[in-house]
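Reckoned from all heavy atoms, side chains included, excluding hydrogens, waters and symmetry mates.
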There are 2 protein chains.
Amino acid sequence: MSRKRVTIKEVAQTAGVSTQTVSRVVNGRPDVSPDTRQHVQEVIDQLGYQPSKIARSLIQGQSFSLGVVSSNISLYGPSHVLQGIQETAKEMGYSLMLHILPDPEVYEAKKLLREIMSYHVDGILWAMPEIGQNRDWIQQELSNLSVPIAFLNVQPRPNQATVIIDNRAGGRLATKHLLEQGRQNIGIITGPMSWWEARQRELGWREELVANGRSVDESYITHGDWTPSSGERGIRMLLDWHPEMDAVFACNDQMALGAMKIARQMGRRIPEDLAIVGFDNIPEAPYFDPALSTVYQDLTEMGREGVKQLLAMINNPDAYRPDPIRIQPELIVRDSS
Amino acid sequence: MSRKRVTIKEVAQTAGVSTQTVSRVVNGRPDVSPDTRQHVQEVIDQLGYQPSKIARSLIQGQSFSLGVVSSNISLYGPSHVLQGIQETAKEMGYSLMLHILPDPEVYEAKKLLREIMSYHVDGILWAMPEIGQNRDWIQQELSNLSVPIAFLNVQPRPNQATVIIDNRAGGRLATKHLLEQGRQNIGIITGPMSWWEARQRELGWREELVANGRSVDESYITHGDWTPSSGERGIRMLLDWHPEMDAVFACNDQMALGAMKIARQMGRRIPEDLAIVGFDNIPEAPYFDPALSTVYQDLTEMGREGVKQLLAMINNPDAYRPDPIRIQPELIVRDSS
DNA sequence: ATCACTAATGTTAACGATAACGGGATATGT
DNA sequence: ACATATCCCGTTATCGTTAACATTAGTGAT
């Protein structure tokens, strides 16, 4: 039997004071006598009064909520980022308005931002992967956006708060490790090259090879789409073209999983004949057969850091914007390399 | 150079009409002449005016936002449920206020609900697993909750909107399949028994055995905690105690993964010596070695259905509450059984 | 006793929007 | 010609809260 919302008026009436006095008690202002304060507080507790953040945000122009734009959160990456965002937001007293785009490559930036802003959020976290031209739409709207925005895992641009995983360094880590294992012919199964992250990982692989005096053979590259089945296709192509290949950097763990399965079917022993390194460190990776070596990226930390950056901008709009924050991935060596 | 928010007043002033007229245009009300309507619409487009949902919700008592209570969304289950919730909410024109509890077994229901209600949400989706006594706290607060609430994947109770996966049927599916494969000694690695879902799966296993005239040996049961490493421990105990065991129902895919790894190390061939069936159908399952047979639960659909139920209650508060909705899981047979 | 000041509380307006009502102009009916 | 209905638009009150200002009573100084 749902009771209606308890308002400040009811509290004021019950306590026999003005709403302003109740407001002062709720907000811990000094101008209230101890007696009154206690009495009002008792009434508040008794009625179970909770101030409306909606009404408060109208008058104060601050809602203590953040807009989050993300893509399909049932995937490993976005869900971990969101978890981090959530943790820090909650800690700092902010709530989240969630906006998931069904297709990261197709959206109307103007409409999206208006929708988000209609909830009077204090800031926006852009947690969408940078794919194709999808950064440009939002970029054009930035000039007349009335709240700060922080970007996660996209190419840093001047004067924009950005927090990224250093995917390029991650690619180098993986490749360096394979070289140190004495591998001679190191192929790569990339992510979709329309993704900025995927290009960065490939770049890291390329740079590390060159830095070690190896030549880069373009036919050692094959492109996947992050799915295990694309890992299967990728490894099949690589091994067909280059039977001498003795190591592969799969740009995420799921593709690595598919690749290992097919490689075994094609008669390769892992890691003896073929070493594999993945990227992500999904919880299943240590239990693959063999346990997968991989590059760990702390996506949750990235989410946390993004919120911190955003709140810094909110609380000090004229703040100096620091260089983009780069979170370093870590190599985790297991049995596949 | 952030412009301030465009309000209805500015639009009215620019267009030379009253705010009420602008409001009528925005809401497509009839009492506006075609000329005026067009003129106002032009001004709206030109200024980029977007009505404030905050202000609107104050006066109308409806915010078109839903509160979602969930646990760690970086996990497989919660993230998939949330994705479904999000999809349908967006489709129906609702936004989400996200509330994640750091520990599903410890929370203050009263405080939590007040916090959520302070955003004037139109309804609440309870997407927390039922663990230990954690359902009771919220249950006590229900009587003075002023908006409808729908529960996901918890034990149905009278007069409460509930959408669940039929975990018990899932447990029976898995066990039936193993029996049909001619397996004689079927063990189980359960989830944590404080979880309702885990108990239901175990119950299904138990029931199916009994229904087929088998006796249930309690030492064929071992308890895991959903993690792959607990699957490793579980299978080790089961095979130590009962070397004759020729099938195991692991109550999620991650535990199945750990179990398969250790079973192989203990010299069992899968599926020849030991059949394994998991639960969930995580994206990696088809690529395990061997490909994992499992029980697929459509968590996203459960989220979608939950929103539909909730909106039905919101739009018709006196509605007859139907029986709890039970979503049937499906058996997916691959190579591990 | 008067003034100035402080402490405690109340009053009014405002945030951005819509509901409810009112009223002028035109059209319709007799 | 007059009452009545219809169309179109404006005015006022309101949602729940807080900012800004106003008021009252008491305190201390002169």
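Ring-plane geometry between B:Tyr107 and B:Trp137 is classed as perpendicular, the angle between the planes exceeding 60 degrees on a 0 to 90 degree scale with a lower cut at 30.
Phosphate contact (OP1/OP2 of D:dC9, side-chain N/O of B:Ser33, threshold under 4.0 Å): present. The shortest distance between the side-chain N/O atoms of A:Lys9 and the OP1/OP2 oxygens of D:dC15 is below 4.0 Å. Taking only side-chain nitrogens and oxygens, A:Ser23 comes nearer than 4.0 Å to OP1 or OP2 of D:dT18. Under 4.0 angstrom from either OP1 or OP2 of D:dG10 there lies no side-chain N or O belonging to B:Thr19. Taking 4.0 angstrom as the limit, A:Tyr119 places none of its side-chain polar atoms (N or O) nearer than this to OP1 or OP2 of C:dG16.
Counting non-hydrogen atoms under 4.0 angstrom, B:Ser57 reaches nothing in the nucleic acid. Contacts of B:Gln62 with the nucleic acid, taken as non-hydrogen atoms under 4.0 Å apart, are absent. Residue A:Val26 is classed as having no contact, given no heavy-atom separation below 4.0 Å to the nucleic acid. Among the protein residues, A:Gln60 comes within range of the sugar-phosphate backbone only, with heavy atoms under 4.0 Å from sugar or phosphate atoms but none that close to a base. Among the protein residues, A:Arg29 comes within range of the sugar-phosphate backbone only, with heavy atoms under 4.0 Å from sugar or phosphate atoms but none that close to a base. At a threshold of 4.0 angstrom between heavy atoms, the contacts of B:Ser18 include nucleobase atoms, whether or not backbone atoms are also involved. Residue B:Val22 is classed as having no contact, given no heavy-atom separation below 4.0 Å to the nucleic acid.
Of the candidates C:dG10, D:dT17, C:dG16, the closest approach to any side-chain atom of A:Pro51 belongs to D:dT17. For A:Gln20, counting side-chain heavy atoms from C-beta on, the closest listed nucleotide (D:dT17, D:dA20, D:dG10) is D:dA20. Checking D:dT14, C:dG16, D:dG10 against the side-chain heavy atoms of B:Arg5 singles out C:dG16 as nearest. Considering only side-chain atoms of A:Thr36, the nucleotide from C:dG16, D:dG10, C:dT9 that sits closest is C:dT9. In this structure, the nucleotide among D:dT17, C:dG10, C:dA17 sitting nearest to the side chain of B:Arg56 is C:dA17. Looking at the side chain of A:Ile59, the nearest of the listed nucleotides C:dT9, D:dT18, C:dA17 is D:dT18. Counting only heavy atoms from C-beta on, B:Arg24 has its side chain closest to C:dC21 among C:dG10, C:dC21, C:dG16.
For the residue pair A:Gln41 and A:Asp45, a side-chain donor N or O sits within less than 3.5 Å of a side-chain acceptor on the partner. Between the side chains of B:Gln60 and B:Arg56, no donor-acceptor pair of N or O atoms lies under 3.5 Å. Side-chain contact, B:Tyr119 with B:Ser65: no donor N or O sits under 3.5 Å from an acceptor N or O.
Whole-Å rounding puts the A:Lys53 NZ to D:dT17 P distance at 12 Å. The distance between atom CG of B:Asp35 and atom P of D:dC8, rounded to the nearest whole Å, is 10 Å.
Computed from C1' positions of five pairs at each end, the angle between the two local axes of the helix from C:dA1-D:dT30 to C:dT30-D:dA1 equals 60°, rounded to 10 degrees.
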